[in-house]
Structure formats: C-alpha cells, structure tokens
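Here is the structure we will look at.
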Amino acid sequence: MINDFPRVRFAPSPTGYLHVGGLRTALYNYLFAKHNKGKFILRIEDTDRNRYVEGAVENLIAALKWCGLEYDEGPDIGGSFGPYMQSQRLEFYAHHAKDLIEKGYGYYCFCTPERLETLRNEQQKQKLPQAKYDKHCLHLSKEEVEKNLADGIAKVIRLNVEPNQKIIFDDIIRGRVEFDSNNVDDQVLIKSDGYPTYHLANVVDDHLMKITHVVRGEEWLSSTPKHILLYDFFNWEKPEFAHLPLLLNPDRSKLSKRQGDVAVEDYRAKGYLKEALVNFVALLGWNAGDDKEFYYMNELIEKFTLERVNKAGAVFDLDKLNWLNAEHLRKKSDEEILPVLKNEIQNSKLKIKNYEDEYLLKIISAMKERVSFVHEYLSKSPYFFEAPKEYEQSSIAKNWKEETPGQLKKLSDAFEKLNNPVKEDYENALANVAEELKVGKGKLIHPLRLAVSGMSTGPGMFDLIVILGKEETQKRILIAIERINH
RNA sequence: GGCGCGUUCGUCUAGUGGUCCAGGACGCCGCCCUCUCAAGGCGGAGAUCACGGGUUCGACCCCCGUACGCGCUACCA
C-alpha cells in the first residue's frame with residue numbers, strides 16, 4: 001500500500017489560465033480526497049520551457065482558490081514532498097533515468113530531429129500500422145555511446161519497450177483496459193535540454209509524492225501503458241487510475257476557446273458565482289444516483305465517489321449553468337449579496353452616485369426572485385438607481401390612455417396627503433382613487449408603474465414605490481405626466 | 001492509417017436481465033396564482049435506449065460485429 005489515506009494531485013501545466021475542464025479534474029480530485037480523508041496536492045508540470053507563460057502559475061492558484069479548492073500541499077505552501085514545481089526537481093528525473101539505463105530499460109539516443117522526421121515520413125509512405133522509433137540507438141555499442149557522450153553530442157534518453165507484451169490495467173471508471181506493447185513507442189523520457197517529458201516526470205513524482213490515485217482526463221488514457229511500464233521497470237507500486245471523460249462543445253468536439261468561454265476567470269468575470277460553477281461542473285459526468293442537483297461543496301464531498309463518474313463526454317450547457325447560478329443566488333442572504341452589488345455599482349457608470357446600504361438591501365430583496373446574476377439588479381431594475389429617461393413604447397400604447405394623466409394627477413394628490421406611508425397606505429389610497437374614478441385598480445397601477453419605472457415589469461407596484469419613497473414617486477409621476485404624450 | 005475510449009429525450013443524466021411501451025433536471029410550450037415580470041404549483045411535447053446480429057422464457061442492461069463521435073499517435077502537457 002502506497003499510503004494509509006488517499007493522496008491525489010491536480011497536475012496542470014501552466015499555460016495561462018484554469019480551463020473549466022481542468023477545474024472539473026481538480027474538483028473531482030479534491031472531492032475524492034476530502035471524501036476519503038486524504039490529501040489533495042497541487043503540482044505544477046512546467047517541464048516544457050517553450051510553453052512558459054508569465055504569471056500562469058499565479059493565475060492558476062488564484063482560480064483554484066476562488067473556487068474553494070484548497071490544497072494541502074503545493075508550490076506556494078510547501079509540504080513534505082516538495083518542491084511542487086517540476087522544473088525544480090530535475091535531479092530526481094535525471095537520477096531515475098540513469099537508473100533505467102543501468103537496468104537496460106532505457107537508453108541514450110543521439111538521433112537528430114532530421115533523422116526522426118525522415119523515419120516518420122518513411123514509415124508513413126510504407127503505410128506501416130504504427131509509426132514508432134526504430135530503436136536505432138539501442139544497438140549502438142558501449143564504446144560508441146561513450147564516445148558520443150564524451151563528444152557532447154545532443155542526446156535524449158528513451159524508454160526501451162519490449163515488443164509483444166500485453167499491458168493491462170484496471171481503470172476505476174472504465175474497467176479493464178488492454179494494450180499491446182507493439183503499439184507503444186520508445187518514448188523520450190529526458191529531452192535534449194535535460195528536462196523530463198511528462199511521462200517520466202509524472203511517474204517519478206507520483207511515486208515520490210506517494211500518490212495513491214491518479215485521477216486525470218481521458219486524453220491520458222492512451223499513454224498510460226508507458227506509465228505502467230515505468231512503474232514496473234522501477235519496481236514501484238502502481239497507483240489506481242481513473243480517467244475522466246472530456247468536456248465538450250455544443251457540437252461535441254473537445255471544449256475549446258473558439259466556441260465560447262473556457263477559463264474559470266471568464267465565468268467569474270461574467271458574474272457567475274463560484275458555488276454555481278462548482279455545482280455545475282461537478283454534475284458534468286457525475287451524479288449521486290438520486291434526483292438532487294443543487295449542491296454545496298460540503299454536500300459534494302459527502303456524496304462523491306469515483307465509481308459513479310460517467311464514461312462518456314459531457315456538453316457544457318450554459319442554460320443549466322445559468323439556472324444553477326440563479327438558484328444559488330436566491331439562496332444567498334441579502335447581506336451576502338450587498339457587497340457584490342456594491343462592487344457592480346462601482347464598476348458601472350453609477351459609481352459617482354451614493355446609495356445607502358439600507359436602500360440597496362431593499363432592492364436586493366425586491367428583485368431577488370427576478371435575477372439570475374447580480375449585475376442584473378442594474379440591468380433589470382435600472383429605475384431604482386436613476387429616474388427613467390425614457391418610457392417603454394409598448395407599455396405607453398397599452399396603458400397610457402387619454403384620461404391617464406388626469407387620473408394619475410388625482411392619484412398623486414391622494415399620495416400627497418399620506419404621512420410617512422407604508423405599503424398598505426399606498427394600496428388604500430390607490431383603491432380609493434380607483435373607486436372614486438370608477439375604474440379597476442389595474443387602470444391606475446399599470447400607468448403608475450410606467451411613470452415611476454419607465455418599464456412594464458418589476459416587483460409588486462407597491463413594493464416598488466415604498467422603496468422609491470413618497471417624494472421620488474411623486475416627482476416621477478409628475479414628470480411622466482408631462483413627458484408622455486399620447 | 002494504427003491503437004484506445006465512448007454512444008439513453010435538444011442538453012445533463014437515472015437505469016447493473018423482468019418493477020421501463022424508459023424516470024428526473026435544464027431548456028421549450030400551456031394552464032393556475034397575479035397589478036406586471038419573476039418565483040412557485042400543475043400539465044404537455046420531447047428517446048423506435050446509435051444500428052445489426054446473437055445469448056436468454058425475457059434485454060437499455062450480457063456477447064459479437066458495424067457505424068458514428070472523440071482521444072492519443074511529439075525531444076507538448
């Protein structure tokens with residue numbers, strides 16, 4: 001047994017941002033670890049110097065933390081098995097690669113990129129079933145190797161794959177998977193720049209870090225035989241493997257930037273709640289086997305098992321994400337939403353205005369059932385923040401009759417007499433005016449809404465004017481009477 | 001091309017041989033509630049369980065094949 005409690009890792013390469021697919025992988029690792037009282041580790045796979053992106057690691061960490069995925073060990077917080085950046089662990093890889101060579105499981109290769117290119121073209125022309133390295137350098141004599149090494153000729157270290165072997169492993173999600181070693185290439189383990197490739201680094205680190213379960217994307221399934229071989233060559237105990245299905249675009253291709261947002265920070269910027277994103281992504285490929293769809297992180301931890309992860313890819317469906325966002329937003333208290341709303345205001349043209357918290361809290365309460373995003377408080381009920389500048393045409397046509405201005409004037413007069421009115425006072429006043437005029441209440445309510453909000457939709461009419469206050473309401477009624485001509 | 005993985009309503013999914021002429025959710029449509037819009041309640045449309053063969057008294061569930069999709073096939077991860 002590798003370790004008493006599970007140890008899992010999320011091992012992204014720092015290419016700039018956290019992809020939602022990466023988030024899902026990280027989340028499943030996290031949930032699995034927490035569910036089983038294990039450890040969740042962040043390891044940065046930065047062994048490709050050509051792909052180095054400034055600030056990528058910081059972005060990744062920020063996105064992970066925003067989502068609530070706190071890791072137990074990682075580059076910025078350390079741990080007993082560090083360092084957690086592969087670029088800082090080169091000596092481990094070099095040491096183990098050398099060990100492989102000594103045992104005959106690895107060998108130096110001095111072939112130039114040109115020769116490899118030619119070889120590939122040749123194999124393609126001959127329509128060989130599988131294009132692989134031809135083990136040319138495996139047959140170099142000891143003296144030749146020594147001489148090349150001494151001459152400082154560019155070299156890599158390759159895995160020596162023995163032909164005609166069955167490589168079998170049991171994937172937690174997919175069951176038994178079988179490969180033929182004839183289809184496994186003599187993979188480069190150490191590149192000519194001295195850095196390891198993913199395959200070596202991943203196996204060495206997972207062993208050294210006592211990783212018990214490798215939970216990663218399906219794109220790794222095909223290279224798992226190489227990893228299995230390495231574990232066997234090193235004589236190391238193998239972790240369990242679980243290969244997750246892919247996240248897809250609406251057209252079922254692999255989720256990509258071209259067809260929408262893929263970065264966690266994009267969704268954050270658009271106003272999605274982390275609770276909703278995490279909830280949604282958790283359900284893309286997993287379910288507890290019941291009808292529950294609304295989850296908080298602690299509930300996910302309690303319910304999550306790898307055995308219930310699906311095999312097939314899942315389309316990232318924005319409609320459902322939006323719905324979950326609305327659900328999570330409604331579950332939040334007004335006080336929790338307040339700072340977010342204030343932040344939205346600061347980022348809008350309304351930032352020069354100053355609204356009392358008390359006022360904003362009333363708006364939050366009135367609009368809560370009507371918004372899916374915090375920024376919709378501004379876009380769906382602008383009238384709480386500024387008097388209407390124009391009035392909805394369709395509502396004018398429908399509700400603003402010839403007699404309306406006179407009726408609203410009467411209503412305004414009635415409101416004027418009210419002293420510190422509460423909701424019921426407005427209701428009674430309006431009812432009285434309606435009776436006096438012998439019209440239905442709706443005949444007054446709809447034009448009144450139009451006058452004070454400029455719109456035809458929103459919270460209950462009386463809630464609306466209570467929030468606006470008597471003075472503002474009166475002002476808006478009079479302005480509307482003046483400005484709306486029918 | 002080769003190897004691997006996958007395939008249940010538009011989408012996410014339940015389903016592990018009979019309880020499924022397939023259940024839930026999102027979205028869509030209708031009704032109710034109602035001063036509007038939402039929310040909520042109720043109802044509806046929507047899947048010949050990719051297709052074709054087996055196995056079985058019986059298959060969405062087991063086996064084989066085909067098709068389609070996706071992944072991998074780098075000194076990228």
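All figures in this text were calculated on a predicted structure; none of them were measured in a lab. By convention in this document, chain letters (A, B, ...) are assigned in the order of the sequence lines, proteins followed by strands, and residues within each chain are numbered from 1.
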Is it the case that more than 12 heavy atoms not belonging to A:Glu307 sit under 6.0 Å from its CD atom?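 Yes, because the 6.0 Å sphere around CD of A:Glu307 holds more than 12 heavy atoms from other groups.
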Using a heavy-atom cut-off of 4.0 Å across all strands, would you classify [X] as base, sugar-phosphate, or nothing?
{"X": "A:Gly460", "value": "base"}
{"X": "A:Ser222", "value": "base"}
{"X": "A:Arg308", "value": "sugar-phosphate"}
{"X": "A:Gly458", "value": "base"}
{"X": "A:Glu178", "value": "sugar-phosphate"}
{"X": "A:Asn322", "value": "nothing"}
{"X": "A:Lys311", "value": "sugar-phosphate"}
{"X": "A:Val156", "value": "base"}
{"X": "A:Ser192", "value": "base"}
{"X": "A:Pro12", "value": "nothing"}
{"X": "A:Pro250", "value": "nothing"}
{"X": "A:Val177", "value": "sugar-phosphate"}
{"X": "A:Thr47", "value": "sugar-phosphate"}
{"X": "A:Pro14", "value": "nothing"}

Give the rounded distance in Å between these two atoms: [atom1] of [X] and [atom2] of [N].
{"X": "A:Arg51", "N": "B:A77", "atom1": "CZ", "atom2": "P", "value": "7 Å"}
{"X": "A:Lys398", "N": "B:C37", "atom1": "NZ", "atom2": "C1'", "value": "11 Å"}
{"X": "A:Leu247", "N": "B:U13", "atom1": "CG", "atom2": "P", "value": "9 Å"}
{"X": "A:Phe316", "N": "B:G27", "atom1": "CZ", "atom2": "P", "value": "16 Å"}
{"X": "A:Leu116", "N": "B:U73", "atom1": "CG", "atom2": "P", "value": "15 Å"}
{"X": "A:Glu392", "N": "B:U36", "atom1": "CD", "atom2": "P", "value": "15 Å"}
{"X": "A:Arg176", "N": "B:G4", "atom1": "CZ", "atom2": "P", "value": "15 Å"}

Both distances under 3.5 Å, Watson-Crick or G-U wobble: report the partner of [N], or none.
{"N": "B:C5", "answer": "B:G69"}
{"N": "B:U34", "answer": "none"}
{"N": "B:C62", "answer": "B:G54"}
{"N": "B:A39", "answer": "none"}

Euclidean distance for [atom1], [N] against [M] (whole angstrom):
{"N": "B:A25", "M": "B:G65", "atom1": "C1'", "value": "35 Å"}
{"N": "B:C76", "M": "B:C49", "atom1": "C1'", "value": "39 Å"}
{"N": "B:U73", "M": "B:U13", "atom1": "P", "value": "26 Å"}
{"N": "B:A22", "M": "B:U55", "atom1": "C1'", "value": "23 Å"}
{"N": "B:C57", "M": "B:C20", "atom1": "P", "value": "23 Å"}

Counting only side-chain nitrogens and oxygens, does [X] get under 4.0 Å of the OP1 or OP2 atom of [N]?
{"X": "A:Lys226", "N": "B:G4", "answer": "no"}
{"X": "A:Asn287", "N": "B:G15", "answer": "no"}
{"X": "A:Arg252", "N": "B:C12", "answer": "yes"}
{"X": "A:Asn310", "N": "B:U13", "answer": "yes"}

For the side chain of [X], counting heavy atoms from C-beta on, which of [options] is nearest?
{"X": "A:Arg449", "options": "B:G40, B:C26, B:C35", "answer": "B:C35"}
{"X": "A:Thr457", "options": "B:C35, B:C37, B:G71", "answer": "B:C37"}
{"X": "A:Lys254", "options": "B:U13, B:A77, B:C72", "answer": "B:C72"}
{"X": "A:Glu293", "options": "B:G71, B:C5, B:A25", "answer": "B:A25"}
{"X": "A:Val315", "options": "B:C35, B:C12, B:G6", "answer": "B:C12"}
{"X": "A:Trp323", "options": "B:C12, B:C76, B:G27", "answer": "B:G27"}
{"X": "A:Asp48", "options": "B:C70, B:C76, B:C3", "answer": "B:C76"}

Establish, yes or no, whether a centroid distance under 6.0 Å links the rings of [X] and [Y].
{"X": "A:Phe316", "Y": "A:Phe280", "result": "yes"}
{"X": "A:Tyr198", "Y": "A:Trp220", "result": "yes"}
{"X": "A:Phe304", "Y": "A:Tyr295", "result": "no"}
{"X": "A:Tyr107", "Y": "A:Tyr105", "result": "no"}

Pair A:Ser372, A:Asn322 - check side-chain hydrogen bond (donor to acceptor under 3.5 Å, both in side chains), show working. CA-CA 7 Å; A:Ser372 298; A:Asn322 291 341; over 6 Å; no
Can A:Lys132 and A:Asn182 be counted as having a side-chain donor-acceptor contact under 3.5 angstrom?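 Not at all, the side chains of A:Lys132 and A:Asn182 share no donor-acceptor pair under 3.5 Å.
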Checking side-chain polar atoms at under 3.5 Å, does A:Asn279 have a donor or acceptor matched by the opposite partner on A:Tyr296?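 No - no donor-acceptor pair under 3.5 Å links their side chains.
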Regarding [N], can its base be found pairing with the side chain of [X] as donor and acceptor, where the two atoms are less than 3.5 Å apart?
{"X": "A:Lys320", "N": "B:A25", "value": "yes"}
{"X": "A:Arg370", "N": "B:C37", "value": "yes"}
{"X": "A:Arg174", "N": "B:C5", "value": "no"}

Select from A:Gln86 and A:Asp291 the residue whose nearest nucleotide in RNA chain B is closer to the 5' end of that strand.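 Closest to the 5' end, via its nearest nucleotide, is A:Asp291.
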I'd like to know if A:Lys443 pairs up with A:Glu403 as an ion pair, taking the criterion as any Lys NZ or Arg NE/NH1/NH2 lying under 4.0 Å from an Asp or Glu carboxylate oxygen.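 The answer is no: the pair does not qualify as a salt bridge.
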